[in-house]
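For reference, the structure is listed below as structure tokens.
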Amino acid sequence: MADTTLLSWINAEVERALTLVQDSIAKFSAAPENDALLQPCPEHLHQVSGALRMVGLNGATLVCEAIESSFAGMAAARPTADAMSVVDRAVVALKNFVGELARGHADVPLRLFPVYRDLSGLLGKKAISEKDLFFPDLGLPAPLHPSPNALP
């Protein structure tokens, strides 16, 4: 479970970093011959994933790392408009998800699965599933049985 106090402290920085990534993607989309426009994105995403990990948002961290990995894959070849669209949608979804958590919404990383699936496709990963984003709170004790039986 995310620490909401820490989340409220880092939310502005996470939002700022993701906005910088969005701006870089928009500038690159307007001038796709300029690869340098995307160079700061992995560093911003790395900072975001560290902050998300720090507050215990495992699913959001996984999605952020997938976004960051997609930029590493783009270093080999110029990214297509379709690939940039997938990455941009993922950044927007992550930004909205973290913002909603900061406003008190429940941490349900499964809501990020559609963009995670699309990012995984960009990265060539075939074996993904919704369970990749399932992080139950194992710190909670199991409920007692309503009528327990003692075994000899």
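Being a predicted model, the structure only gives us computed values, none of them experimental.
- Of all heavy-atom pairs spanning T61 and R53, the tightest one is OG1-N, 3.2 Å.
- F113 is not listed as a side-chain neighbour of S129, based on a closest heavy-atom distance of 4.5 Å or more.
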Does the pair H44 and L18 meet the rule for a side chain to side chain contact (heavy atoms under 4.5 Å, CB included), with working shown?
CA-CA 7 Å; H44 293 305; L18 291 175; over 6 Å; no
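- Minimum heavy-atom separation, L94 to C64: CD2-CB, 3.6 Å.
- Using a 4.5 Å heavy-atom cutoff, the side chains of I10 and V98 are not in contact.
- Residues L133 and N58 form no side-chain contact, since every pair of their non-hydrogen atoms from C-beta on lies 4.5 Å or further apart.
- Residue pairs that meet the salt bridge (Lys or Arg N to Asp or Glu O under 4.0 Å) test with at least one member in residues 115-134, sequence neighbours left out, are R89-D118.
- Contact check for F135 versus L57: no side-chain heavy atoms found under the 4.5 Å cut-off.
- Residues L62 and F97 share a single hydrophobic cluster, defined by chaining ILVMFWY side chains whose heavy atoms lie under 4.5 Å apart.
- Residues passing the side chain to side chain donor-acceptor pair (under 3.5 Å) test with H46, sequence neighbours excluded: E68.
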Yes or no on side chain to side chain contact (heavy atoms under 4.5 Å, CB included) for E13 and Q47, after CA distance, side-chain angles and deciding distance?
CA-CA 9 Å; E13 285 304 311; Q47 291 172 349; over 6 Å; no
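- The closest donor-acceptor contact from the side chain of S24 to the backbone of C41 lies at 3.5 Å or more, if one exists at all.
- Closest non-hydrogen pair, P42 versus Q39, comes out as CD-O, 3.3 Å.
- V21 places a side-chain heavy atom less than 4.5 Å from the side chain of F71.
- E15 is linked by a salt bridge (Lys or Arg N to Asp or Glu O under 4.0 Å) to nothing, counting only residues two or more places apart in sequence or in another chain.
- Around atom CG of L144, no more than 12 heavy atoms belonging to other residues, nucleotides or ligands sit under 6.0 Å away.
- Of the charged side-chain nitrogens involved, at least one lies within less than 4.0 Å of a carboxylate oxygen, so that E100 and R111 count as a salt-bridged pair.
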Given the rule in the side chain to side chain contact (heavy atoms under 4.5 Å, CB included) test, do L38 and M84 qualify, once you have shown the distances and angles that lead to the verdict?
CA-CA 10 Å; L38 297 177; M84 291 311 302; 3.9 Å; yes
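- Side-chain contact check for L20 versus R16: some heavy-atom pair is nearer than 4.5 Å.
- A donor-acceptor pair under 3.5 Å is formed between the side chain of R78 and the backbone N or O of E33.
- Looking at L37 and N34, their side chains come closer than 4.5 Å, going by heavy atoms from C-beta outward.
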From CA spacing to verdict: side chain to side chain contact (heavy atoms under 4.5 Å, CB included), D35, F28
CA-CA 7 Å; D35 293 338; F28 177 78; 3.7 Å; yes
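- Nearest heavy atoms, L119 versus A90: CD1-CB, 3.6 Å.
- Nearest heavy atom pair, residue V14 against residue A51, reads CG2-CB, 4.1 Å.
- Checking side-chain atoms of S85 against main-chain N and O of A81 turns up no donor-acceptor pair under 3.5 Å.
- Pairing each heavy atom of L112 with each of A60, the nearest pair is CD1-CA, 4.1 Å.
- Considering only heavy atoms from C-beta on, P109 stays 4.5 Å or farther from V63 through its side chain.
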